[in-house]
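Being a predicted model, the structure only gives us computed values, none of them experimental. Note that ligands are numbered from 1 as they come in the structure, with each ligand's atoms numbered from 1 the same way.
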Amino acid sequence: MKPPRFAYHDPATVEEALDLLARHGDGARLLAGGQSLVPMLNFRLARPAHLVDINRLTGLATVEVGGAGGLMIGALVRQRALERSPAIRERAPLIAQAMPFVGHPQIRSRGTLGGSLAHADPAAELPAVAMALEAELTLTSARGRRRVAAEDFFVAALTTAMAPDELLTAIMLPPWPARTGSSLQEVAIRRGDFALGGVAATLTLDAAGCVAAARIVCFGVGPRPLRARDAERSLSGASPSDSVFVEAGRLASAAVDPSADIHASAAYQRRLAGVLTTRALSASLAAASAVAA
Ligand SMILES: Cc1cc2nc3c(=O)[nH]c(=O)nc-3n(C[C@H](O)[C@H](O)[C@H](O)COP(=O)(O)OP(=O)(O)OC[C@H]3O[C@@H](n4cnc5c(N)ncnc54)[C@H](O)[C@@H]3O)c2cc1C
């Protein structure tokens with residue numbers, strides 16, 4: 001199938017793009033890397049009257065380190081650039097750890113961070129990573145600018161808190177805390193496929209080697225990424241051990257509410273959330289211990 005007819009626009013500035021969105025509203029769709037949108041057009045799952053190509057907005061394709069040491073990542077940064085960025089590896093290693101799981105290098109060389117977040121596939125890695133990193137997303141429209149916490153951005157499968165006239169322009173990450181390790185674990189049928197289930201985690205140790213903070217986000221096991229807060233709380237102040245991580249896995253498994261699909265039963269996905277939480281915490285501990293040493 002080929003896409004239905006649309007009017008093509010390639011604005012050179014953010015202002016022009018916002019003006020097009022304001023004028024065409026629901027009838028317009030933004031084109032970033034096209035790795036999700038183009039298949040949707042070809043299958044006629046999306047039928048926008050106007051396609052607004054944002055690839056000329058190169059000002060949205062930068063990674064910048066903020067004064068306090070956090071990161072400001074432009075929405076148009078390619079996934080492959082994230083994978084290769086020394087600043088990302090140093091200041092948001094969870095993103096670098098996630099990238100090899102996102103499709104294949106060819107897809108990542110076009111796909112963007114903003115496109116993945118805006119598409120909000122429940123099985124995608126980057127939305128879960130954004131939640132685990134407590135990212136704030138900057139949404140810009142002709143009406144102004146607002147910031148939304150990643151946790152509030154993902155509403156349901158393929159649905160976000162963005163209005164039709166808004167452009168996701170930047171992803172802000174707080175500074176990476178000291179003595180912190182992270183890990184992304186997932187199970188997919190083949191390498192590069194979307195996950196049957198996965199977990200993104202970070203673990204911060206205090207000076208005595210106990211858990212100061214943990215963040216656990218399960219994905220692919222429900223309509224949106226889910227922060228497993230009971231599991232996180234169970235770790236607070238604990239001396240890290242296999243049994244503590246198994247208990248956190250049990251709590252994460254209890255927190256998710258998956259629906260069976262053609263690939264996996266609900267019971268399998270629930271078990272996956274628990275097992276992968278335990279694995280992600282063990283790997284995060286190893287990484288945190290390595291930086292604390
Ligand atoms: C074969 C294949 C395998 C894949 N495997 C995986 C995988 O394992 N894991 C994974 O996470 N992804 C996977 N993907 C998807 C890939 O990561 C996409 O790149 C990503 O989901 C969308 O990013 P994009 O830049 O291509 O966005 P596009 O396809 O251009 O856009 C996607 C949606 O986001 C909107 N949008 C884009 N940018 C913005 C913005 N700045 N502001 C507001 N809205 C915006 C668009 O209007 C559209 O609705 C796969 C894709 C393919 C083709």
Who are the side chain to side chain contact (heavy atoms under 4.5 Å, CB included) partners of Ala280, not counting sequence neighbours?
Ser183, Gln185, Val199, Ala201
At a 4.0 angstrom heavy-atom cut-off, ligand 1 is contacted by Arg29, Leu30, Leu31, Ala32, Gly33, Gly34, Gln35, Ser36, Leu37, Ile54, Ala75, Gln79, Phe101, Val102, Gly103, Ile107, Gly111, Thr112, Gly115, Ser116, Ala118, His119, Ala124, Glu125, Met162, Leu167, Leu168, Gly192, Asp193, Phe194
Asp10: which residues meet the side chain to side chain contact (heavy atoms under 4.5 Å, CB included) condition with it, sequence neighbours left out?
Tyr8, Asp53, Arg56
Go through the steps to decide whether Gln97 and Ser182 satisfy the test side chain to side chain donor-acceptor pair (under 3.5 Å), and finish with yes or no.
CA-CA 8 Å; Gln97 289 163 336; Ser182 61; 2.7 Å; yes
With a sphere of 6.0 Å drawn around CZ of Arg84, does it hold more than 12 non-hydrogen atoms of other residues, nucleotides or ligands?
no
Non-neighbouring partners of Glu15 that pass side chain to side chain contact (heavy atoms under 4.5 Å, CB included), sequence neighbours left out
Thr13
Taking Ile216's backbone N and O only, do any of them form a donor-acceptor pair with Glu232's side chain (distance below 3.5 Å, no angle check)?
yes
